[in-house]
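Quick note on labels: first sequence line is chain A, next is B, and so on, each numbered from 1.
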There are 2 protein chains.
Amino acid sequence: MRVASKSGRGPTKPPRRSEPPQHEDAALRASYDPSQYPRPSVAVDVAVITLKGERLHALLVPRSAPPFRGRLALPGSFVRLDESLDAAVQRVLAEKAGLRGVFVEQLYTFGAVERDPRMRVITVAYVALVAEERLAEDEGHRFHPVEIPWEGETGGPVEVAAGELAFDHAGILGKAIQRLRGKLGYTPIGFQLLPDEFTLRDLLRVHEVVLGRPLNKDSFRRRMLASGDLSATGTQEASVDHRPAELYRFARRSAV
Amino acid sequence: MRVASKSGRGPTKPPRRSEPPQHEDAALRASYDPSQYPRPSVAVDVAVITLKGERLHALLVPRSAPPFRGRLALPGSFVRLDESLDAAVQRVLAEKAGLRGVFVEQLYTFGAVERDPRMRVITVAYVALVAEERLAEDEGHRFHPVEIPWEGETGGPVEVAAGELAFDHAGILGKAIQRLRGKLGYTPIGFQLLPDEFTLRDLLRVHEVVLGRPLNKDSFRRRMLASGDLSATGTQEASVDHRPAELYRFARRSAV
DNA sequence: GAAATAGTGTCTTTAAGACAGTATGTG
DNA sequence: CACATACTGTCTTAAAGACACTATTTC
(Lines give C-alpha, C1' and ligand atoms only; values in the text may rest on other atoms or scores of the structure.)
Protein backbone atom coordinates (compact mmCIF):
# COMPACT_ATOMS: atom_id res chain seq x y z
CA MET A 1 0.00 0.00 0.00
CA ARG A 2 1.77 3.00 -1.31
CA VAL A 3 1.15 6.15 0.59
CA ALA A 4 2.96 9.22 -0.49
CA SER A 5 4.82 10.70 2.42
CA LYS A 6 3.12 13.82 3.51
CA SER A 7 6.21 15.93 3.87
CA GLY A 8 8.69 14.66 1.35
CA ARG A 9 6.76 15.69 -1.68
CA GLY A 10 5.04 18.79 -2.89
CA PRO A 11 7.66 20.95 -4.52
CA THR A 12 4.75 23.18 -5.27
CA LYS A 13 4.52 25.88 -2.70
CA PRO A 14 3.13 24.89 0.65
CA PRO A 15 -0.61 25.05 0.56
CA ARG A 16 -1.14 27.33 3.48
CA ARG A 17 -4.71 28.25 3.61
CA SER A 18 -3.73 29.66 6.95
CA GLU A 19 -3.81 33.27 7.70
CA PRO A 20 -1.39 35.84 6.44
CA PRO A 21 -3.01 38.95 7.87
CA GLN A 22 -3.79 41.21 5.00
CA HIS A 23 -5.89 43.85 3.44
CA GLU A 24 -7.86 43.12 0.40
CA ASP A 25 -5.38 44.53 -2.04
CA ALA A 26 -4.33 42.54 -4.98
CA ALA A 27 -0.73 42.19 -3.98
CA LEU A 28 -1.48 40.30 -0.87
CA ARG A 29 -4.21 38.49 -2.59
CA ALA A 30 -1.68 37.08 -4.95
CA SER A 31 0.21 35.65 -2.04
CA TYR A 32 -2.91 33.73 -1.17
CA ASP A 33 -3.99 32.29 -4.42
CA PRO A 34 -5.69 28.97 -3.98
CA SER A 35 -5.39 28.33 -7.66
CA GLN A 36 -1.77 27.55 -6.91
CA TYR A 37 -2.72 24.33 -5.23
CA PRO A 38 -2.32 21.22 -7.31
CA ARG A 39 -5.81 20.11 -8.17
CA PRO A 40 -7.36 16.72 -8.56
CA SER A 41 -9.70 15.86 -11.39
CA VAL A 42 -13.35 15.71 -10.46
CA ALA A 43 -15.86 13.44 -12.14
CA VAL A 44 -19.45 12.42 -11.72
CA ASP A 45 -20.53 8.81 -12.07
CA VAL A 46 -24.16 7.87 -12.25
CA ALA A 47 -25.77 4.64 -11.14
CA VAL A 48 -28.75 4.56 -13.48
CA ILE A 49 -31.06 1.95 -12.06
CA THR A 50 -34.14 0.38 -13.53
CA LEU A 51 -36.34 -2.61 -12.83
CA LYS A 52 -36.72 -5.35 -15.39
CA GLY A 53 -38.78 -8.33 -14.39
CA GLU A 54 -37.75 -9.42 -10.94
CA ARG A 55 -34.36 -7.83 -10.90
CA LEU A 56 -32.69 -4.49 -10.59
CA HIS A 57 -30.56 -3.51 -13.55
CA ALA A 58 -27.91 -0.86 -13.88
CA LEU A 59 -26.69 0.94 -16.95
CA LEU A 60 -23.11 -0.17 -17.56
CA VAL A 61 -20.92 0.81 -20.45
CA PRO A 62 -17.79 -1.00 -21.57
CA ARG A 63 -14.68 1.09 -21.26
CA SER A 64 -13.09 1.73 -24.61
CA ALA A 65 -9.80 2.98 -23.26
CA PRO A 66 -7.45 2.14 -20.43
CA PRO A 67 -7.46 1.83 -17.58
CA PHE A 68 -9.81 -1.12 -17.14
CA ARG A 69 -10.28 -1.24 -20.87
CA GLY A 70 -13.11 -3.56 -21.83
CA ARG A 71 -14.56 -3.73 -18.39
CA LEU A 72 -17.98 -2.41 -17.60
CA ALA A 73 -18.28 0.89 -15.79
CA LEU A 74 -20.90 3.35 -14.64
CA PRO A 75 -21.48 6.15 -17.12
CA GLY A 76 -19.70 9.28 -16.04
CA SER A 77 -17.77 12.31 -17.09
CA PHE A 78 -15.33 14.83 -15.84
CA VAL A 79 -16.92 17.94 -14.44
CA ARG A 80 -16.38 21.07 -16.47
CA LEU A 81 -15.42 24.26 -14.77
CA ASP A 82 -18.55 26.04 -15.87
CA GLU A 83 -21.13 23.48 -14.88
CA SER A 84 -22.43 22.43 -11.50
CA LEU A 85 -22.30 18.82 -10.37
CA ASP A 86 -25.99 18.42 -11.03
CA ALA A 87 -25.58 19.86 -14.50
CA ALA A 88 -22.77 17.43 -15.22
CA VAL A 89 -25.06 14.59 -14.21
CA GLN A 90 -27.82 15.82 -16.50
CA ARG A 91 -25.31 15.99 -19.30
CA VAL A 92 -24.15 12.43 -18.67
CA LEU A 93 -27.70 11.19 -18.58
CA ALA A 94 -28.56 12.93 -21.82
CA GLU A 95 -25.41 12.03 -23.70
CA LYS A 96 -24.88 8.51 -22.51
CA ALA A 97 -28.39 7.29 -21.89
CA GLY A 98 -30.67 9.62 -23.82
CA LEU A 99 -32.53 10.32 -20.61
CA ARG A 100 -34.14 13.54 -19.48
CA GLY A 101 -36.08 14.50 -16.40
CA VAL A 102 -35.46 11.35 -14.42
CA PHE A 103 -35.14 11.16 -10.65
CA VAL A 104 -31.61 11.96 -9.57
CA GLU A 105 -30.00 12.14 -6.16
CA GLN A 106 -26.45 12.65 -5.01
CA LEU A 107 -25.08 9.54 -3.36
CA TYR A 108 -21.56 9.85 -2.02
CA THR A 109 -18.18 11.17 -3.01
CA PHE A 110 -15.34 8.72 -3.46
CA GLY A 111 -11.89 10.09 -2.95
CA ALA A 112 -9.43 7.29 -2.27
CA VAL A 113 -6.05 8.31 -3.56
CA GLU A 114 -5.52 5.26 -5.74
CA ARG A 115 -8.99 4.72 -7.07
CA ASP A 116 -7.90 5.69 -10.55
CA PRO A 117 -4.44 4.37 -11.47
CA ARG A 118 -3.76 7.17 -13.92
CA MET A 119 -4.09 10.16 -11.70
CA ARG A 120 -5.98 11.55 -8.78
CA VAL A 121 -9.67 11.50 -9.58
CA ILE A 122 -12.36 12.29 -7.06
CA THR A 123 -15.77 11.18 -8.19
CA VAL A 124 -19.13 12.40 -7.00
CA ALA A 125 -21.53 9.50 -7.41
CA TYR A 126 -25.22 9.93 -8.15
CA VAL A 127 -28.19 7.59 -8.33
CA ALA A 128 -30.77 7.91 -11.06
CA LEU A 129 -34.00 5.93 -11.16
CA VAL A 130 -35.85 5.33 -14.37
CA ALA A 131 -38.86 3.26 -15.36
CA GLU A 132 -38.10 0.54 -17.89
CA GLU A 133 -40.79 1.98 -20.13
CA ARG A 134 -38.85 5.17 -20.51
CA LEU A 135 -35.79 3.53 -21.94
CA ALA A 136 -35.21 3.90 -25.63
CA GLU A 137 -35.52 0.69 -27.61
CA ASP A 138 -31.81 0.24 -28.14
CA GLU A 139 -30.88 1.13 -24.57
CA GLY A 140 -32.37 -1.85 -22.85
CA HIS A 141 -29.55 -4.25 -23.54
CA ARG A 142 -27.01 -1.98 -21.89
CA PHE A 143 -28.68 -2.50 -18.56
CA HIS A 144 -27.20 -5.44 -16.66
CA PRO A 145 -28.85 -7.37 -13.86
CA VAL A 146 -27.28 -6.68 -10.50
CA GLU A 147 -26.61 -9.30 -7.85
CA ILE A 148 -26.78 -8.04 -4.32
CA PRO A 149 -24.77 -10.37 -2.09
CA TRP A 150 -25.92 -8.87 1.20
CA GLU A 151 -29.11 -8.36 3.09
CA GLY A 152 -30.88 -5.40 4.56
CA GLU A 153 -29.05 -2.11 4.57
CA THR A 154 -25.69 -3.67 5.16
CA GLY A 155 -23.99 -2.45 2.04
CA GLY A 156 -20.92 -3.65 0.19
CA PRO A 157 -20.03 -4.15 -3.45
CA VAL A 158 -22.50 -5.79 -5.81
CA GLU A 159 -21.86 -8.32 -8.53
CA VAL A 160 -22.58 -8.41 -12.21
CA ALA A 161 -22.61 -11.47 -14.42
CA ALA A 162 -20.46 -9.78 -17.04
CA GLY A 163 -17.51 -9.72 -14.68
CA GLU A 164 -15.67 -7.28 -12.49
CA LEU A 165 -16.53 -3.64 -12.86
CA ALA A 166 -13.94 -0.97 -13.48
CA PHE A 167 -12.50 1.18 -10.71
CA ASP A 168 -14.50 1.09 -7.47
CA HIS A 169 -17.76 1.04 -9.37
CA ALA A 170 -19.00 -2.20 -7.81
CA GLY A 171 -18.79 -0.48 -4.46
CA ILE A 172 -20.52 2.63 -5.74
CA LEU A 173 -23.35 0.58 -7.15
CA GLY A 174 -23.59 -1.23 -3.84
CA LYS A 175 -23.92 2.01 -2.00
CA ALA A 176 -26.61 3.09 -4.45
CA ILE A 177 -28.68 -0.01 -3.70
CA GLN A 178 -28.08 0.47 0.00
CA ARG A 179 -29.36 4.03 -0.19
CA LEU A 180 -32.35 2.92 -2.19
CA ARG A 181 -33.25 0.28 0.36
CA GLY A 182 -32.93 2.72 3.19
CA LYS A 183 -35.08 5.37 1.56
CA LEU A 184 -37.88 3.02 0.60
CA GLY A 185 -38.84 2.81 4.22
CA TYR A 186 -39.63 6.44 4.73
CA THR A 187 -39.92 8.04 1.30
CA PRO A 188 -42.11 7.55 -1.72
CA ILE A 189 -39.37 6.65 -4.16
CA GLY A 190 -40.51 3.37 -5.65
CA PHE A 191 -42.71 5.29 -8.07
CA GLN A 192 -39.63 6.33 -9.93
CA LEU A 193 -39.16 2.80 -11.19
CA LEU A 194 -42.72 2.55 -12.51
CA PRO A 195 -44.69 4.15 -15.33
CA ASP A 196 -47.06 6.99 -14.53
CA GLU A 197 -49.93 4.67 -13.76
CA PHE A 198 -49.49 1.47 -11.85
CA THR A 199 -51.27 -0.95 -9.58
CA LEU A 200 -50.55 -1.56 -5.94
CA ARG A 201 -49.15 -4.90 -6.92
CA ASP A 202 -46.67 -3.26 -9.26
CA LEU A 203 -45.53 -1.05 -6.42
CA LEU A 204 -45.31 -3.97 -4.05
CA ARG A 205 -43.13 -5.80 -6.55
CA VAL A 206 -40.82 -2.80 -6.77
CA HIS A 207 -40.41 -2.75 -3.02
CA GLU A 208 -39.84 -6.47 -2.83
CA VAL A 209 -37.23 -6.49 -5.56
CA VAL A 210 -35.39 -3.50 -4.14
CA LEU A 211 -35.46 -4.83 -0.61
CA GLY A 212 -34.72 -8.36 -1.69
CA ARG A 213 -37.35 -9.91 0.53
CA PRO A 214 -41.09 -10.59 0.49
CA LEU A 215 -43.36 -8.05 2.11
CA ASN A 216 -46.70 -8.34 3.79
CA LYS A 217 -49.27 -7.53 1.18
CA ASP A 218 -52.01 -6.37 3.50
CA SER A 219 -50.08 -3.92 5.53
CA PHE A 220 -48.30 -2.69 2.44
CA ARG A 221 -51.64 -1.80 0.93
CA ARG A 222 -52.75 -0.09 4.10
CA ARG A 223 -49.55 1.89 4.44
CA MET A 224 -49.56 3.06 0.87
CA LEU A 225 -53.19 4.09 0.85
CA ALA A 226 -52.77 5.85 4.17
CA SER A 227 -49.64 7.68 3.09
CA GLY A 228 -51.50 10.08 0.85
CA ASP A 229 -48.89 9.61 -1.85
CA LEU A 230 -51.24 7.72 -4.14
CA SER A 231 -54.26 8.95 -5.98
CA ALA A 232 -56.63 6.55 -7.67
CA THR A 233 -57.23 7.17 -11.34
CA GLY A 234 -60.63 5.53 -11.41
CA THR A 235 -59.54 3.26 -14.21
CA GLN A 236 -58.31 -0.30 -14.01
CA GLU A 237 -55.58 -2.29 -15.59
CA ALA A 238 -56.60 -4.13 -18.73
CA SER A 239 -55.75 -7.38 -20.40
CA VAL A 240 -54.93 -9.45 -17.39
CA ASP A 241 -56.32 -12.92 -16.96
CA HIS A 242 -57.81 -12.21 -13.57
CA ARG A 243 -59.64 -9.47 -11.78
CA PRO A 244 -58.10 -6.16 -12.82
CA ALA A 245 -56.72 -3.84 -10.19
CA GLU A 246 -57.21 -0.13 -9.74
CA LEU A 247 -54.60 2.07 -11.35
CA TYR A 248 -52.91 4.66 -9.17
CA ARG A 249 -50.80 7.66 -9.85
CA PHE A 250 -48.19 9.35 -7.70
CA ALA A 251 -49.73 12.30 -5.90
CA ARG A 252 -47.54 15.16 -4.91
CA ARG A 253 -47.90 15.24 -1.21
CA SER A 254 -50.28 18.02 -0.33
CA ALA A 255 -50.06 20.01 2.88
CA VAL A 256 -51.41 18.02 5.78
CA MET B 1 -20.71 36.95 -12.59
CA ARG B 2 -17.09 36.16 -12.83
CA VAL B 3 -16.34 32.62 -13.73
CA ALA B 4 -12.82 31.54 -14.17
CA SER B 5 -12.62 30.77 -17.82
CA LYS B 6 -12.26 27.10 -18.25
CA SER B 7 -9.54 27.34 -20.77
CA GLY B 8 -7.74 30.54 -19.98
CA ARG B 9 -6.39 29.55 -16.66
CA GLY B 10 -4.11 26.94 -15.26
CA PRO B 11 -1.28 26.65 -17.72
CA THR B 12 0.52 25.22 -14.76
CA LYS B 13 1.61 21.83 -15.81
CA PRO B 14 -1.00 19.20 -15.46
CA PRO B 15 -0.06 17.26 -12.37
CA ARG B 16 -0.33 13.83 -13.81
CA ARG B 17 0.32 11.44 -11.13
CA SER B 18 3.28 9.16 -11.63
CA GLU B 19 1.85 5.72 -12.28
CA PRO B 20 3.13 5.25 -15.81
CA PRO B 21 1.46 3.34 -18.62
CA GLN B 22 1.38 -0.12 -17.10
CA HIS B 23 -0.29 -3.18 -18.55
CA GLU B 24 -2.23 -1.21 -21.14
CA ASP B 25 -0.61 0.22 -24.22
CA ALA B 26 0.65 3.73 -24.02
CA ALA B 27 -0.54 4.79 -27.43
CA LEU B 28 -4.19 4.77 -26.65
CA ARG B 29 -3.49 6.31 -23.39
CA ALA B 30 -1.99 9.37 -24.95
CA SER B 31 -5.09 9.95 -27.00
CA TYR B 32 -7.21 9.85 -23.93
CA ASP B 33 -5.44 11.80 -21.29
CA PRO B 34 -7.88 13.10 -18.72
CA SER B 35 -5.20 15.22 -17.16
CA GLN B 36 -5.83 17.58 -20.05
CA TYR B 37 -9.14 18.66 -18.63
CA PRO B 38 -9.13 21.88 -16.62
CA ARG B 39 -9.63 20.96 -13.02
CA PRO B 40 -11.55 22.54 -10.16
CA SER B 41 -10.16 22.89 -6.68
CA VAL B 42 -11.48 20.44 -4.14
CA ALA B 43 -11.86 21.19 -0.45
CA VAL B 44 -13.30 19.54 2.60
CA ASP B 45 -15.33 21.51 5.12
CA VAL B 46 -16.29 20.04 8.45
CA ALA B 47 -19.33 20.82 10.55
CA VAL B 48 -17.95 20.04 14.00
CA ILE B 49 -20.96 19.85 16.26
CA THR B 50 -21.17 19.66 20.01
CA LEU B 51 -23.83 20.08 22.65
CA LYS B 52 -23.51 22.79 25.28
CA GLY B 53 -26.37 23.16 27.67
CA GLU B 54 -29.60 23.10 25.74
CA ARG B 55 -28.19 24.05 22.40
CA LEU B 56 -26.20 22.65 19.54
CA HIS B 57 -22.99 24.48 18.82
CA ALA B 58 -20.77 24.42 15.76
CA LEU B 59 -17.10 25.20 15.45
CA LEU B 60 -16.78 28.35 13.39
CA VAL B 61 -13.61 30.22 12.60
CA PRO B 62 -13.41 33.80 11.40
CA ARG B 63 -11.97 34.14 7.94
CA SER B 64 -8.79 36.14 7.96
CA ALA B 65 -8.57 36.59 4.23
CA PRO B 66 -10.92 37.39 1.39
CA PRO B 67 -13.39 36.40 0.25
CA PHE B 68 -15.84 36.84 3.13
CA ARG B 69 -13.05 38.18 5.27
CA GLY B 70 -14.10 38.50 8.87
CA ARG B 71 -17.12 36.28 8.52
CA LEU B 72 -17.40 32.99 10.30
CA ALA B 73 -16.86 29.81 8.35
CA LEU B 74 -16.65 26.10 8.86
CA PRO B 75 -13.10 24.83 9.28
CA GLY B 76 -11.83 23.33 6.09
CA SER B 77 -8.90 22.85 3.79
CA PHE B 78 -8.06 22.06 0.24
CA VAL B 79 -7.52 18.40 -0.42
CA ARG B 80 -3.97 17.43 -1.23
CA LEU B 81 -3.25 15.14 -4.09
CA ASP B 82 -1.75 12.50 -1.85
CA GLU B 83 -4.44 12.31 0.78
CA SER B 84 -7.91 10.83 0.71
CA LEU B 85 -10.94 12.90 1.57
CA ASP B 86 -11.17 11.22 4.95
CA ALA B 87 -7.53 11.93 5.60
CA ALA B 88 -8.02 15.58 4.74
CA VAL B 89 -10.85 15.73 7.25
CA GLN B 90 -8.69 14.18 9.95
CA ARG B 91 -6.02 16.73 9.20
CA VAL B 92 -8.50 19.60 9.47
CA LEU B 93 -9.81 18.26 12.75
CA ALA B 94 -6.34 17.89 14.17
CA GLU B 95 -4.95 21.17 12.93
CA LYS B 96 -7.93 23.42 13.45
CA ALA B 97 -9.65 21.87 16.42
CA GLY B 98 -7.05 19.72 18.13
CA LEU B 99 -9.41 16.79 17.83
CA ARG B 100 -8.60 13.15 17.24
CA GLY B 101 -10.71 10.05 16.95
CA VAL B 102 -14.09 11.75 16.88
CA PHE B 103 -17.11 10.52 14.98
CA VAL B 104 -17.01 11.65 11.38
CA GLU B 105 -19.34 11.09 8.47
CA GLN B 106 -19.44 12.40 4.95
CA LEU B 107 -22.42 14.67 4.42
CA TYR B 108 -22.77 16.01 0.91
CA THR B 109 -20.74 17.56 -1.86
CA PHE B 110 -21.46 21.12 -2.87
CA GLY B 111 -20.53 22.06 -6.37
CA ALA B 112 -22.41 25.17 -7.46
CA VAL B 113 -20.29 27.05 -9.94
CA GLU B 114 -20.37 30.34 -8.08
CA ARG B 115 -20.12 29.17 -4.52
CA ASP B 116 -16.62 30.61 -4.22
CA PRO B 117 -16.22 33.96 -5.98
CA ARG B 118 -12.52 33.45 -6.58
CA MET B 119 -12.56 30.30 -8.58
CA ARG B 120 -14.28 27.01 -9.00
CA VAL B 121 -14.17 25.16 -5.70
CA ILE B 122 -16.06 21.97 -5.06
CA THR B 123 -16.31 21.13 -1.38
CA VAL B 124 -17.00 17.79 0.21
CA ALA B 125 -18.75 18.51 3.49
CA TYR B 126 -18.43 16.30 6.55
CA VAL B 127 -20.12 16.18 9.94
CA ALA B 128 -18.13 15.54 13.09
CA LEU B 129 -19.70 14.99 16.49
CA VAL B 130 -17.79 15.61 19.67
CA ALA B 131 -18.67 15.62 23.34
CA GLU B 132 -18.22 18.96 25.02
CA GLU B 133 -15.96 17.28 27.58
CA ARG B 134 -13.48 16.42 24.89
CA LEU B 135 -12.91 19.99 23.82
CA ALA B 136 -9.68 21.60 24.89
CA GLU B 137 -10.07 24.42 27.39
CA ASP B 138 -9.45 27.17 24.89
CA GLU B 139 -11.58 25.67 22.17
CA GLY B 140 -14.92 26.11 23.80
CA HIS B 141 -15.44 29.73 22.87
CA ARG B 142 -15.01 29.03 19.19
CA PHE B 143 -18.19 27.00 19.19
CA HIS B 144 -21.22 29.12 18.39
CA PRO B 145 -24.82 28.30 19.22
CA VAL B 146 -26.83 27.37 16.16
CA GLU B 147 -30.39 28.49 15.52
CA ILE B 148 -32.45 26.06 13.51
CA PRO B 149 -35.32 27.94 11.87
CA TRP B 150 -37.16 24.86 10.66
CA GLU B 151 -38.79 21.80 12.12
CA GLY B 152 -38.42 18.12 11.57
CA GLU B 153 -36.19 16.96 8.78
CA THR B 154 -37.13 19.79 6.52
CA GLY B 155 -33.69 21.26 6.10
CA GLY B 156 -32.54 24.70 5.03
CA PRO B 157 -29.84 27.09 6.19
CA VAL B 158 -29.31 27.70 9.89
CA GLU B 159 -28.60 30.94 11.67
CA VAL B 160 -25.86 32.09 13.96
CA ALA B 161 -25.96 35.09 16.26
CA ALA B 162 -22.60 36.31 15.04
CA GLY B 163 -24.02 37.07 11.63
CA GLU B 164 -24.00 35.59 8.18
CA LEU B 165 -21.65 32.74 7.51
CA ALA B 166 -19.19 32.74 4.65
CA PHE B 167 -19.88 30.97 1.35
CA ASP B 168 -22.77 28.50 1.48
CA HIS B 169 -21.77 27.35 4.94
CA ALA B 170 -25.11 28.18 6.54
CA GLY B 171 -26.69 25.75 4.14
CA ILE B 172 -24.05 23.12 4.79
CA LEU B 173 -24.58 23.39 8.52
CA GLY B 174 -28.31 23.14 7.95
CA LYS B 175 -27.86 19.95 6.02
CA ALA B 176 -25.66 18.61 8.81
CA ILE B 177 -28.41 19.17 11.37
CA GLN B 178 -30.94 17.68 9.02
CA ARG B 179 -28.83 14.56 8.62
CA LEU B 180 -28.34 14.33 12.35
CA ARG B 181 -32.06 14.55 12.99
CA GLY B 182 -32.76 11.90 10.43
CA LYS B 183 -30.20 9.45 11.73
CA LEU B 184 -31.24 9.82 15.33
CA GLY B 185 -34.37 7.88 14.58
CA TYR B 186 -32.72 4.70 13.44
CA THR B 187 -29.10 4.84 14.57
CA PRO B 188 -27.33 5.10 17.86
CA ILE B 189 -25.56 8.35 17.20
CA GLY B 190 -26.48 10.54 20.15
CA PHE B 191 -23.74 8.87 22.17
CA GLN B 192 -21.22 10.79 20.17
CA LEU B 193 -22.28 14.00 21.86
CA LEU B 194 -21.90 12.57 25.37
CA PRO B 195 -18.99 11.47 27.53
CA ASP B 196 -18.25 7.76 27.85
CA GLU B 197 -20.65 7.29 30.71
CA PHE B 198 -24.01 8.94 30.83
CA THR B 199 -27.49 8.59 32.20
CA LEU B 200 -30.63 7.95 30.24
CA ARG B 201 -31.66 11.50 30.98
CA ASP B 202 -28.49 12.82 29.41
CA LEU B 203 -29.23 10.84 26.30
CA LEU B 204 -32.83 11.99 26.27
CA ARG B 205 -31.65 15.58 26.47
CA VAL B 206 -29.35 15.01 23.50
CA HIS B 207 -32.21 13.68 21.44
CA GLU B 208 -34.51 16.49 22.44
CA VAL B 209 -32.01 19.20 21.66
CA VAL B 210 -31.07 17.71 18.31
CA LEU B 211 -34.67 17.10 17.30
CA GLY B 212 -35.81 20.41 18.69
CA ARG B 213 -38.86 18.96 20.39
CA PRO B 214 -39.74 17.19 23.64
CA LEU B 215 -39.83 13.42 23.63
CA ASN B 216 -41.82 10.91 25.60
CA LYS B 217 -39.62 9.86 28.46
CA ASP B 218 -41.15 6.46 29.06
CA SER B 219 -41.02 5.13 25.57
CA PHE B 220 -37.59 6.64 25.08
CA ARG B 221 -36.34 4.63 28.01
CA ARG B 222 -37.95 1.48 26.72
CA ARG B 223 -36.62 1.91 23.22
CA MET B 224 -33.10 2.59 24.39
CA LEU B 225 -32.97 -0.30 26.80
CA ALA B 226 -34.48 -2.63 24.22
CA SER B 227 -32.09 -1.53 21.50
CA GLY B 228 -29.14 -3.36 22.98
CA ASP B 229 -26.94 -0.36 22.37
CA LEU B 230 -26.59 0.47 26.05
CA SER B 231 -24.81 -1.45 28.74
CA ALA B 232 -25.26 -0.55 32.37
CA THR B 233 -22.07 0.16 34.25
CA GLY B 234 -23.46 -0.76 37.65
CA THR B 235 -22.47 2.62 39.03
CA GLN B 236 -24.58 5.70 39.44
CA GLU B 237 -24.17 9.35 38.86
CA ALA B 238 -22.93 11.29 41.88
CA SER B 239 -23.49 14.72 43.35
CA VAL B 240 -26.99 15.34 42.23
CA ASP B 241 -29.63 16.66 44.58
CA HIS B 242 -32.04 13.86 43.90
CA ARG B 243 -32.05 10.16 43.37
CA PRO B 244 -29.03 9.31 41.22
CA ALA B 245 -29.51 7.48 37.95
CA GLU B 246 -27.72 4.48 36.59
CA LEU B 247 -24.76 5.23 34.35
CA TYR B 248 -24.69 3.60 30.94
CA ARG B 249 -22.07 3.11 28.34
CA PHE B 250 -22.40 2.65 24.61
CA ALA B 251 -22.26 -1.03 23.77
CA ARG B 252 -20.97 -2.05 20.40
CA ARG B 253 -23.89 -3.81 18.91
CA SER B 254 -23.22 -7.51 19.13
CA ALA B 255 -24.33 -9.93 16.46
CA VAL B 256 -27.96 -10.81 16.94
C1' DG C 1 -67.96 -22.75 -13.24
C1' DA C 2 -62.71 -22.85 -12.43
C1' DA C 3 -58.73 -20.12 -11.75
C1' DA C 4 -56.51 -16.16 -10.25
C1' DT C 5 -55.88 -12.01 -8.15
C1' DA C 6 -58.28 -7.65 -6.03
C1' DG C 7 -60.11 -5.90 -2.17
C1' DT C 8 -62.51 -5.95 2.82
C1' DG C 9 -63.07 -7.08 7.67
C1' DT C 10 -61.35 -8.71 11.87
C1' DC C 11 -58.34 -10.82 15.29
C1' DT C 12 -53.72 -10.84 17.28
C1' DT C 13 -49.34 -8.86 18.34
C1' DT C 14 -46.24 -5.22 19.20
C1' DA C 15 -44.60 -0.65 20.21
C1' DA C 16 -45.64 3.95 21.71
C1' DG C 17 -48.03 7.28 24.75
C1' DA C 18 -50.14 8.25 29.24
C1' DC C 19 -50.02 7.97 33.84
C1' DA C 20 -50.17 6.12 38.53
C1' DG C 21 -47.39 4.40 42.00
C1' DT C 22 -43.02 3.08 44.29
C1' DA C 23 -37.87 3.75 45.17
C1' DT C 24 -33.91 6.35 46.62
C1' DG C 25 -30.96 9.95 46.74
C1' DT C 26 -30.21 15.27 48.88
C1' DG C 27 -31.36 19.07 51.83
C1' DC D 1 -39.72 14.73 56.38
C1' DA D 2 -40.09 17.38 51.95
C1' DC D 3 -38.57 17.30 47.47
C1' DA D 4 -36.92 15.76 43.16
C1' DT D 5 -36.00 12.58 40.03
C1' DA D 6 -35.31 7.36 38.91
C1' DC D 7 -37.61 3.43 37.92
C1' DT D 8 -41.70 -0.06 37.44
C1' DG D 9 -46.22 -1.62 36.08
C1' DT D 10 -50.46 -1.19 33.71
C1' DC D 11 -53.95 0.70 30.62
C1' DT D 12 -54.88 2.62 26.10
C1' DT D 13 -54.02 3.44 21.31
C1' DA D 14 -52.10 2.77 16.74
C1' DA D 15 -49.88 0.19 13.35
C1' DA D 16 -48.30 -4.26 11.45
C1' DG D 17 -48.92 -9.18 10.52
C1' DA D 18 -52.07 -13.01 9.78
C1' DC D 19 -55.86 -14.79 7.79
C1' DA D 20 -60.63 -15.63 6.45
C1' DC D 21 -63.88 -14.11 3.32
C1' DT D 22 -66.00 -11.71 -0.67
C1' DA D 23 -65.59 -9.53 -5.46
C1' DT D 24 -64.54 -9.46 -10.26
C1' DT D 25 -62.34 -10.47 -14.23
C1' DT D 26 -60.66 -14.17 -18.09
C1' DC D 27 -60.93 -18.65 -19.95
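Summarising the geometry, atom CG belonging to B:Asp229 is positioned 11.5 Å from atom CZ belonging to B:Arg223; distances are rounded to the nearest 0.5 Å. The CD atom of B:Glu147 lies 12.0 Å from the CG atom of B:Leu173; values are rounded to the nearest 0.5 Å.
Of the candidate nucleotides C:dT5, D:dG17, D:dC7, C:dT5 has the atom nearest to the side chain of A:His242. Here C:dT5 is the nucleotide among C:dT5, C:dA18, D:dG17 with the atom lying nearest to any side-chain atom of A:Arg201.
Across the protein-nucleic acid pair, B:Met224 atom CE and C:dA15 atom P stand 15 Å apart, rounded to whole Å. Atom CG in B:Leu247 sits about 13 Å away from atom C1' in D:dA6, given to the nearest Å. The distance between atom CG of B:Leu225 and atom C1' of C:dA15, rounded to the nearest whole Å, is 14 Å. Whole-Å rounding puts the B:Leu203 CG to D:dC7 P distance at 13 Å. Counting to the nearest Å, the P atom of D:dA14 and the CG atom of B:Asn216 are 15 Å from each other. Between A:Arg222 atom CZ and D:dC19 atom P there is a gap of 14 Å when expressed in whole angstrom units. Between the CD atom of B:Glu246 and the C1' atom of D:dT5 there is a distance of 15 Å, given to the nearest Å. B:Leu215 places its CG atom 11 Å from the P atom of C:dA18, with the value rounded to the nearest Å.
By the ring-ring contact (aromatic ring centres under 6.0 Å, His included) test, A:Phe220 is found to be paired with A:His207, residues two or more places apart in sequence or in another chain being considered.
Between B:Ser219 and C:dA15 there is no side-chain N or O to OP1 or OP2 distance below 4.0 Å. Regarding contacts with the backbone of D:dA6, a side-chain N or O of B:Lys217 is found under 4.0 angstrom from either OP1 or OP2. Within the 4.0 Å cut-off from OP1 or OP2 of C:dA15, not a single side-chain nitrogen or oxygen of B:Arg223 is found.
Counting any heavy atom pair closer than 4.0 Å across all strands shown, A:Asp218 reaches a base atom.
The pair B:Glu139-B:Arg142 counts as a salt bridge, with a side-chain nitrogen and a carboxylate oxygen less than 4.0 angstrom apart.
Mapping A:Asp241 and A:Tyr248 onto DNA chain C via the closest heavy atom, the residue that lands nearer the 5' end is A:Asp241. Nucleotides of DNA chain D nearest to A:Val240 and A:Phe220 differ in position, and the one nearer the 5' end is that of A:Phe220.
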* Run the numbers on A:Glu197 and A:Thr235 for side chain to side chain contact (heavy atoms under 4.5 Å, CB included), then give the verdict. => CA-CA 10 Å; A:Glu197 300 191 351; A:Thr235 59; 4.2 Å; yes

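No donor-acceptor contact under 3.5 Å links the side chain of A:Arg243 to the base of C:dA4.
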